[in-house]
Every structure is written in C-alpha cells, then in structure tokens.
Protein chains: 2
Amino acid sequence: MGRQSGSGHPAITVDVVAFTLLEDDLQALLIRSQAPPSKGRWAIPSARIRDGEPLETTARCILEGYGAQDMYLEQLCAFGNAWRDPRGRAVAVAYLALVTATSATPAGGDASDVRWWSIYKLPPLALDHAQILDFALQRLRNKLEYTAVGFRLLPPAFTLTETQRAYEVVLGSPLDKRNFRRRILEAGIIGETRQRGGSRGRPARLYRLRDDAMIETKARRLFP
Amino acid sequence: MGRQSGSGHPAITVDVVAFTLLEDDLQALLIRSQAPPSKGRWAIPSARIRDGEPLETTARCILEGYGAQDMYLEQLCAFGNAWRDPRGRAVAVAYLALVTATSATPAGGDASDVRWWSIYKLPPLALDHAQILDFALQRLRNKLEYTAVGFRLLPPAFTLTETQRAYEVVLGSPLDKRNFRRRILEAGIIGETRQRGGSRGRPARLYRLRDDAMIETKARRLFP
DNA sequence: TCAAAAGTGTTTGTGGTACACCCATGG
DNA sequence: CCATGGGTGTACCACAAACACTTTTGA
C-alpha cells in the first residue's frame, strides 16, 4: 500500500534547506534518514505539516528541533514530481533557511546523524533532495545580488572582511575589496559601531545591519 | 466535517493564474466558482492534482480544459495558510501561465462563467485568490526584466510596436521607443522575417522569437 | 495629399571595474 | 620591528536615458 490516504490526498511535507557559514565555507544541514525508503542516506530535514499553522511555522519548528534559532526563512517551491518518493505520491514544500554560525549547533541527535556538510562536498542524498538543495543554492546566490539576505548568515556584529568572505564563499568567486566596501557602504544598509573585532593584525571596525535594511533593489532591465 | 482526510493529509490543489493580452490590456482568466464555500464568486482555475503526473501537467490540463494551448507555465509558490479555505486545511500550488491571444478563447463553459478580466479591474475573488493573483503579477513583472518570457504573450510573429505595447501593458508604464527597439534587437533574441504586418499607417516588419532565445540575464548586483 | 504608424542616432550622465599602497595592532 | 590583516581613491569604459524628425503606406 502506498503513502497516499484513502481520500486521495497525497502526503505533504515541508522540507528545509538550512545554510550556515562554518569553517570558511557554506554548509548545509543534513540528517541521516532513519526510515525507509532511504534509511541510512543523508537527507534534508523534513516533517509533515502542522495542523492549523502556516507552512512556515512547520519549517521553523523543524530547525528549532535541531537547535537553530532566529533563522531567515523563505519558501522556494513545491516539489511534486510523481516519482520523487517510491512510497507513493508525496508533495514537498521546500524552504530556504539561513542561520548564523552561533545558532548553528546541531543538538537534536547524535553528531553522526545530524551534521553540517560543505555544499562543495555533499554525500549522496535521499530522494530528490540533491535537486532541492541545488535549487536552494541557486536562489541564495541570486538573492544575494539584489537583497540583503546575506547578512542573515553573519553574527549581529561583523567586519567588512567577514562580510566579503561570506559573499565570496556563497558565490564561489573572489571579489574586489575596495569595490565591495564602497558599494556595501553606499547601499546604506549597515551602520558602524564603536567596537572593533578581528583576530590577528590591525583590529577591524564592527558593523551592524540597520533595522530598516531589508530592501530589495530593482534588477537591471535587459529587456527594457 | 472538514476537507482533510482521515489520514491527516490536507487537500492539495493546483491553482493557475493565466494571463493574456486582450483589448490592449493584460487580462487574467477567471471562472465563477460553482460550489461552496465561494459559490458565485470569481476564482482562478483550480483542480486536484492528477495521479502519477508532475504537478505541471495538472496545470496544463486545467488550461487545456478552457481551450488554451501552448502555454508558458512556471510554478510560483505553495499557499498553505491555515485559514485560506474555511472547509479545512488546503494547500494550493500556484502556477503562472502565459497564453497568446489567439489561443486565449475560453471554451469550457458559458461566457458568463468563464471570462478574461483586466487585471486593473478585477472583481472580488474567492478565498486567497486575490493574493495569489497579485503574486503572479509581481513575478511576471520581475521576470519580464531579465528573461524573454514576455514573448510568450505575443503571437509567433509580431511587430516591435506590439512588443513594446505588451511590455508597457504588463509593467504599467510607458517606455521609450528608440531605447526599447535598440535593446530588444541588441539582445539578439528575435530575428527578422520578410513579412510585414500592422493595420493602419506604414506596415511594420514582423519578427520571430529565435529558437535559442530562452535566456536569462544576470541581475545587476547591488551587493557586489 | 493627408493621416497614421514605422523607423532611425547622438549626446550626456551614471555607475561598474580595475588597480596598489599606507596604517594600526599584537607578538 | 615585523607579520598580519585593515583601510583608502582614481581613471577609464560601457551602458542607460533623454530626446525629434523623416519615411512609408493606405485611404
């Protein structure tokens, strides 16, 4: 018997791709699947939707179950390919989550069952999760270019060099230091603090994301 | 009793926002709801998902049921607000569809039950359909700026003036004729034909979308 | 020959990109 | 005093925006 109920409604889950910065790398949270059909394979966190709550609440609860807090959440897409789950028809509503390294400690299980994985060195994933993760990564890279979501990967106070590294790690390409600093400052979305941070060398000024800063900018029009 | 089945899976539908150009205006296909809870109100076409098929197939079948053919389809988002349907938990996977005016004749019912409506003069809509339609419109406007989807609203051969009008109607703002023509031609996505069209005045050259033209361009980076 | 729409270039400003050196601190 | 990372300005180029007149056709 399949996963589908007698009434004909297919199974519906919320699946969350959570990213964080860790070890100078962009990493995704994966768990080891405990049940068939993918027992033992790594998978993105997933759960049946919660009654009487918005879908986003389910996503938030999933991540809170793994110790993350104060995450950025954004719905990606519904994945409903007929063959994505061998147990029967299953629709997954996928979410993108960004968490800061400080709230990023997996606490919901044995470390061998819940781990951050570099997106550049992923294990084989269950079902169509590789596709979902890839979709999430694409979306993150795109939004980095015209929104301020990138700062949701950083701690509340951050240096410009940290910020640049974050952009470089997510985009996978190096950026010019002076141009980066000029544009990020001219955008007016971050403000100076009086504190300084940094490990070696000259201490760096710490910045903070301004409260009114969740702007989106217009993309340049190719087609006018 | 609610709409939800005994197994706990909520109802899941595919809802389609179909746009076309008609009467020098951007119009959306609406149907009059035949059943509670919104009987008599206008609604966007919707259906339960088809077994064993990708979600997109359901969307395509819905529109074919109303006489449309060869539509552009793109998934928008899943709408799963707990209170969106008073009958019980219902998740809608929304699609954006673009059809050409020639294939845009509603044929699936009485004209008083299936109609194109100007997006600038919509009636009150069922459930959260106004929100879904608005989301679709935003997405269309955004994608117009960095993809070639706009041409899916036009017939296979079109004049540059028609194209400009299409952009203007969708975006809701006037565009400069010379800049528009230069950029659309320089983008290299359309090719000349030898035919000419147009109603009054000097006949205009007809163009055709090139086969290799479904490009996307990079958005301008605000954050470098 | 007139009405109606098609078609065509140039100038000016803004914003993107490339690029190299001095500064402050801790060890 | 030296190693490490922090911080700064300019010159060039490409693209966006503004703008008005001539051409072709059908009635």
Identify, with sequence neighbours excluded, every residue that meets side chain to side chain contact (heavy atoms under 4.5 Å, CB included) alongside [X].
X      : result
A/R41  : A/S38, A/P124, A/A126
A/R182 : A/N179, A/E186
B/P155 : B/E162

Could you check how far [atom1] of [X] sits from [atom2] of [N], rounded to whole Å?
X      : N      : atom1 : atom2 : answer
A/R205 : D/dG5  : CZ    : C1'   : 16 Å
B/R183 : D/dC15 : CZ    : C1'   : 9 Å
B/E162 : C/dG7  : CD    : P     : 11 Å
B/I184 : C/dG7  : CD1   : C1'   : 16 Å

Under the salt bridge (Lys or Arg N to Asp or Glu O under 4.0 Å) rule, what pairs show up with a residue in residues 15-26 of chain B, not counting sequence neighbours? B/D15-B/R84, B/D24-B/R165

Mind jotting down which residue pairs meet the salt bridge (Lys or Arg N to Asp or Glu O under 4.0 Å) criterion with at least one end in residues 72-83 of chain A? Sequence neighbours excluded, please. A/E74-A/R139, A/E74-A/K143

Could you go over nucleotides 8-12 of chain D and give all protein N or O partners under 3.5 Å, atom names and distances?
unit_1	atom_1	unit_2	atom_2	d
D/dG9	O6	A/R182	NH2	3.3
D/dT10	O4	A/R182	NH2	3.2

Examine D/dG6: is either OP1 or OP2 under 4.0 Å from a nitrogen or oxygen in the side chain of A/T161? Give yes or no. yes

Give the ring-plane orientation class for B/F180 versus B/Y167, where under 30° counts as parallel, over 60° as perpendicular and anything between as tilted. perpendicular

B/E64: salt bridge (Lys or Arg N to Asp or Glu O under 4.0 Å) partners, not counting sequence neighbours: none

Who passes ring pair (Phe, Tyr, Trp, His ring centres under 6.0 Å) against B/F79, sequence neighbours left out? B/F135

How would nucleotides 22-27 of chain D be written as a contact map, 5' to 3', with B for base contact, S for sugar-phosphate-only contact and - for no contact, using protein heavy atoms under 4.0 Å? -BBB--

Between B/E186 and A/A204, which has a closest nucleotide on DNA chain D that is more 5'? A/A204

Using a 4.0 Å heavy-atom cut-off, does A/T159 contact any base of the nucleic acid, only the sugar-phosphate backbone, or nothing at all? nothing

